[in-house]
Amino acid sequence: MRVSGLFDYTAAFKSAVDQVKDEGRYRVFADLKRVRGQFPKAVRRREDGSEQDVIIWCSNDYLGMGQHPVVLEAMQAELDAVGAGAGGTRNISGTTRSAVDLEAELASWHQKEASLLFTSGYVANEATLTTLQRILPGLIIFSDSLNHASMIAGIRNGGCERHVFLHNDLTHLEELLAAAPADAPKLIAFESVYSMDGDIADLAGTIALAKKYNALTYLDEVHAVGLYGATGAGVAERDGVLDGIDIVECTLGKAIGVMGGYIAADAVIVDAVRSWASGFIFTTSLPPALTAGALASVRHLKTHPELRDAHQERAQTLKDRFAAAGIPVMPSESHIVPVFVGDPVHTKMISDMLLEEFGVYVQPINYPTVPKGTERLRFTPSPNHDDGMMDALVSAMDRLWTHCRIARMPVAA
Ligand SMILES: *Cc1c(COP(=O)(O)O)cnc(C)c1O
């Protein structure tokens, strides 16, 4: 029992949770067991302990590489050969060999001199963007308004002058660049594929502005790496502008199917970040099995463009099938298939019914991830989602759209 009159910690935590609940943002995670070799199938465990077979429709393991035999064999072999953990930070314990090989492979993939691994894409963004501000005093950062939370965290942590430009709006970006002192160091931080709307930035246009105003470019290709370009190096490769990107940041956890993050850039940039970034220096490095698995995955992805073709074909087919059924699929230039619902209650309700009644797992996307009034479902079909799974999904959606009386008109994003 706490003494009355003193600070009530329990009440404070409870009120923090209640606030999230009141805003309709409270999350209950689906308890899923993926089945090796059967992606996107999984077994869901309900709260009462009973089980249900489900199809995962919202994974960021976009190509099913998290289940690929090439990846699993490499991870198992490495585990058997060198054991579990990396044993500490790289400064103290040295570097695992597969991490060195992976960094070389990643650098060459993006046609950069060097790359540097972090424990996640989040950490890569946060640590690098914070550190760049220490290395470049007076740095001004220009940040797209829809940038990921990890970039925002890194930009804010450094405390530098920052300007947010309207999403993918190069006219606005140029206004802001032109208004800044010509001699100040500048950096433009943006993403290639924006994962909630599925739109893609104008890389060449952004690079042209960076050149004109002597700014660095920092590109998050988290939702593009493995998926775009002849060898899968991302949209910069697809658009033939790898050269114009000064620092590229990616994850090993989505299309590559494992875990971790990295940057790739000129050797001197990477060396400076390696030497200055707390988020790199003071944390245990990725376990060897992960780096070996990621290395195998990247090598496979480089030489298997047919996976990328199949991925695009599946996404286009699902968009077409939703549209044909009058389901309001939002315009998307990428593999992301967003379906407009427009209010949080319906979005959550449809998501719950899809899961419970049809074994379809797709997360509701609500505010603050997307603006209020644009709540949606976000589907990410992989090459492993076959026609039968699509038939079942489209028919379930069709029934729910009727049942819940949701607008069928296509909606402009
Ligand atoms: C998921 C994500 C990250 C973080 O990558 P993790 O490896 O999952 O930490 C960074 N940027 C964007 C745009 C993301 O969607």
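Position 1 is the first residue of the sequence; numbering continues from there. Quick caveat: nothing in here was measured; it's all calculated off a predicted structure. Both ligands and their constituent atoms are indexed starting at 1 by order of listing.
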Can you list the steps and then say if F190 with Y218 is a side chain to side chain contact (heavy atoms under 4.5 Å, CB included)? CA-CA 6 Å; F190 65 127; Y218 182 100; 6.0 Å; no
Atom CD in Q363, atom CD1 in I365: separation rounded to 0.5 Å? 6.5 Å
Protein contact to [atom] [nearest heavy atom, distance to 0.1 Å]:
atom                    : answer
atom 5 (O) of ligand 1  : G121 CA, 3.4 Å
atom 4 (C) of ligand 1  : Y122 N, 3.3 Å
atom 15 (O) of ligand 1 : H223 NE2, 2.5 Å
atom 3 (C) of ligand 1  : H148 CE1, 3.5 Å
atom 11 (N) of ligand 1 : D220 OD2, 2.7 Å

So is G261 touching ligand 1 or not, going by heavy atoms under 4.0 Å?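 Per 4.0 Å heavy-atom rule, G261 does not contact ligand 1.
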Side chain, backbone, both or neither: the part of N125 lying under 4.0 Å from ligand 1 by heavy atom: side chain
Heavy atoms only, cut-off 4.0 Å: how does K254 contact ligand 1, side chain, backbone, both, or neither?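 For K254, only side-chain atoms sit under 4.0 Å from ligand 1.
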Do K348 and E375 meet the salt-bridge criterion of a basic N to acidic O distance under 4.0 Å? no
If you measure from the Lys or Arg side-chain nitrogens to the Asp or Glu carboxylate oxygens, is any gap between R299 and E105 under 4.0 Å?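 Looking at E105 together with R299, the answer is yes, because their closest N to O distance falls below 4.0 Å.
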Check this for me - ligand 1, [X], N or O atoms closer than 3.5 angstrom, yes or no?
X    : answer
S195 : no
V123 : no
E191 : no

Which label fits Y62 and H311: parallel for a plane angle under 30°, tilted from 30 to 60°, or perpendicular past 60°?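 Rings of Y62 and H311: tilted, as their planes differ by 30° to 60°.
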Fit a plane to each ring of H385 and W57, take the angle between them on a 0 to 90° scale, and name the class: parallel (under 30°), tilted (30 to 60°) or perpendicular (over 60°). tilted
Could you go step by step and tell me if H172 and F165 meet the ring-ring contact (aromatic ring centres under 6.0 Å, His included) rule? CA-CA 6 Å; H172 190 216; F165 60 94; 7.3 Å; no
Which residue pairs pass the salt bridge (charged side-chain N to carboxylate O under 4.0 Å, His left out) test with at least one member in residues 68-96, sequence neighbours excluded?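 For residues 68-96, and leaving out neighbouring residues, the salt bridge (charged side-chain N to carboxylate O under 4.0 Å, His left out) pairs sorted by first residue read R90-E103.
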